[in-house]
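The structure appears right after this line, and notes come after that.
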Amino acid sequence: MTPTTLDAYKLMHNGILAFGRAERQGMRIDVEYCHNQMAKLELKIAELKADFMNSKVGRHWSKCYGKKTNINSTHQLAYILYDKRKIKLAKKTPSGKGAVDDEALGMLNIPELNTLLSIRKLTKVKSTYLMPFIREQVNGVVHPSFNLHLARSFRSSSDKPNFQNIPKHDEESMRICRGAIKPRPGHQIIEFDYKGIEVSTSVCYHKDPRMKKYVEDPRTDMHRDMATQIFCTVPNNILRQAAKNGFVFPQFYGDYYVGCTHNLACTWGKLPKSKWRSGQGIEVKDIHLSDILIEQGIKSYDEFEQHIKTIESDFWKKRFKVYDRWKERWWAEYQKRGYIEMLTGFKCVDIIDRKQACNRPIQGSAFHCLLWSFIEIDRIQQEEQWNSRLIGQVHDSLVMDVHPDELEYVIGTVKRVTCEELPKAWDWIIVPLSVDMEICQVDAPWSEKEEYHGT
DNA sequence: GGAACTCGCCAC
DNA sequence: AAACGTGGCGAGTTCC
């Protein structure tokens, strides 16, 4: 039952064939829509650009660069802001120069820079998504590649066009980009995604009883508990999300309290890196975050950092101490043997550091769960000659183009394969699995997706 | 004229 | 001791 290297090989082999069929199937692109959206974006970008060039920074810029002024150039912008206008660096790039990314510009508090951020966002949508969709489509269909031989974590990657990074969280970008992707006529797009598959997979390695409980018992909620501890209040969904994306996942990936504090305070809590006053930060039930934390004796960013340091220590040394010990053992074993062995049968022979040694088996095996399911659903879809088709995959989710008459049957089959048959095939899976679903109406583009709870 | 680099940003 | 894991890719720039 424990997969061997031969099993691992077969997973790759069958995975490539299944992905090949999805690639050949491809997905419809509404080319006319793309052209219309691009025209709209160009107009908006031109307006915003005119605004910006009329501002103080904009005029200074064109005075320095004349005809060579390029609003897309980060180098030029950094030169104008930091060398010409002598603005104090808000932030540095990894190589130590003045940063001009979203966060850095936000911190400078110069109104026209917000215009620049809007321009960047729209330009990104146009040149990274809409233009490649048009470039890559053949007769209105794109055929994204899904690669199994590139990611060192044994995940997949996707290119030409990349199907795995289409905007989802920013509502406006999501609407424009996913609005271009449509099902075949008379069909509908459905996406199934494994709920918390990386956390579940990690439990299969370290078997931490407290994390196992969180994964097994639907009445418990790890992210909500962490949000309660971090923000010292009954958390709403925004704070829960903040705890999840600003603390829990970064901690799993190897971040530490300094980085997490920055995530939680600046990115999510909208709190400054200073002493806090009443009325700062996001609002939670009519109360500002700063007031909640000040009430608890956390009166400044530095005190919040100490608070998070304590929580980090509690997280690894008490709450999930079995997971913590597993990381030590796992790293020691890698150092001794020179490779790590995944529960899916893969040997990862590579020069890696501690974080990579602990992350790869988890990320890799979590993806292998999806891959196994993809292969099996692909097999059934052929054998039973479905009209519905697998068309893509995003690490922990699979995307299908389904005929409405087959919808209920497809959902039943996918749920059975992903949540029942997979754990039967791999007995190392010691936690229950579940999937969430998003579905679009017949003929509707992917932007119209909605959570689905039927059957 | 292309390779290689930096920076920035999208996804999980 | 140091400090976020895995990808793709566009745009600008520099080097050869």
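Side chains included, hydrogens not; waters and symmetry mates left out as well; all remaining heavy atoms used. These figures come from a predicted structure and were not determined experimentally. Numbered from 1 within each chain, the chains take letters A, B, ... in sequence-line order.
- Using modelled atom types and a 3.5 Å distance limit, the side chains of Tyr194(A) and Ser200(A) yield no donor-acceptor pair.
- Between Ile119(A) atom CD1 and dC9(B) atom P the separation is 14 Å, expressed in whole Å.
- The CZ atom of Arg178(A) sits 13 Å away from the P atom of dC10(B) (whole-angstrom rounding).
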Quiz prompt | CA sep, side-chain torsions, deciding dist, call: Glu312(A), Lys317(A), salt bridge (Lys or Arg N to Asp or Glu O under 4.0 Å) | solution = CA-CA 8 Å; Glu312(A) 176 185 84; Lys317(A) 299 304 170 194; over 6 Å; no
For nucleotides 4-8 of chain B, print each protein N/O atom paired with a nucleotide N/O atom at under 3.5 Å, atom names and distance only.
unit_1 : atom_1 : unit_2    : atom_2 : d
dC7(B) : OP1    : Thr93(A)  : OG1    : 3.2
dC7(B) : OP1    : Ser95(A)  : OG     : 2.5
dC7(B) : OP2    : Ser95(A)  : OG     : 3.0
dG8(B) : OP1    : Val100(A) : N      : 2.7
dG8(B) : OP1    : Asp101(A) : N      : 3.2

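- As rounded to whole Å, 12 Å separates atom P of dC9(B) from atom OH of Tyr129(A).
- For the atom pair CE (Met400(A)) and CZ (Phe374(A)), the distance works out to 8.5 Å, reported to the nearest 0.5 Å.
- Note: NE2 (His368(A)) to P (dC12(B)) measures 19 Å, nearest angstrom.
- Salt-bridge annotation for Lys415(A) and Glu420(A): absent, with no side-chain N of the basic residue lying under 4.0 Å from a carboxylate O of the acidic one.
- Side chains of His143(A) and Arg24(A): no donor on one and acceptor on the other come within 3.5 Å.
- Among the protein residues, Ser397(A) comes within range of no part of the nucleic acid, since none of its heavy atoms lies under 4.0 Å from any strand.
- Distance, Lys126(A) NZ to dC10(B) P: 17 Å, rounded to whole Å.
- Residue-level contact check: Leu150(A) touches the backbone only, with heavy atoms under 4.0 Å from sugar-phosphate atoms and none from bases.
- Of all nucleotides in DNA chain C, those with any atom nearer than 4.0 Å to a heavy atom of chain A start and finish, going 5' to 3', at dA3(C) to dT13(C).
- Across all strands, Gln251(A) comes closer than 4.0 Å to no nucleic acid atom at all (heavy-atom distances).
- Donor-acceptor pairing under 3.5 Å is lacking for the side chains of Glu376(A) and Trp372(A).
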Practice problem: Begin from the C-alpha positions of Tyr79(A) and His75(A) and carry the test ring-ring contact (aromatic ring centres under 6.0 Å, His included) through to its verdict. | Solution: CA-CA 6 Å; Tyr79(A) 178 72; His75(A) 290 93; over 10 Å; no
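- Between dC10(B) and dA3(C), the two P atoms lie 25 Å apart (nearest whole Å).
- Using a 4.0 Å cut-off between charged nitrogen and carboxylate oxygen, Glu198(A) and Arg155(A) count as a salt-bridge pair.
- Counting any heavy atom pair closer than 4.0 Å across all strands shown, Asn165(A) reaches a base atom.
- Between Tyr253(A) atom OH and dA11(B) atom P there is a gap of 14 Å when expressed in whole angstrom units.
- Contact annotation for Gly259(A): no contact, since no heavy-atom pair falls under 4.0 Å across all strands.
- Remark: the Ser157(A) side chain and the Gln164(A) side chain contain no N/O donor-acceptor pair separated by less than 3.5 Å.
- At the heavy-atom level, Lys160(A) lies under 4.0 Å from the strands shown only through sugar-phosphate atoms.
- As judged by a 4.0 angstrom heavy-atom cut-off over every strand, Val258(A) is placed among residues making no nucleic acid contact.
- Asp350(A) and Gln356(A) share no side-chain donor-acceptor pair at under 3.5 Å.
- In this structure, His169(A) atom NE2 and dC9(B) atom P are separated by 16 Å, rounded to whole Å.
- At a threshold of 4.0 angstrom between heavy atoms, the contacts of Gln363(A) include nucleobase atoms, whether or not backbone atoms are also involved.
- Using a 4.0 Å heavy-atom cutoff across all strands shown, Asn263(A) reaches at least one base atom of the nucleic acid.
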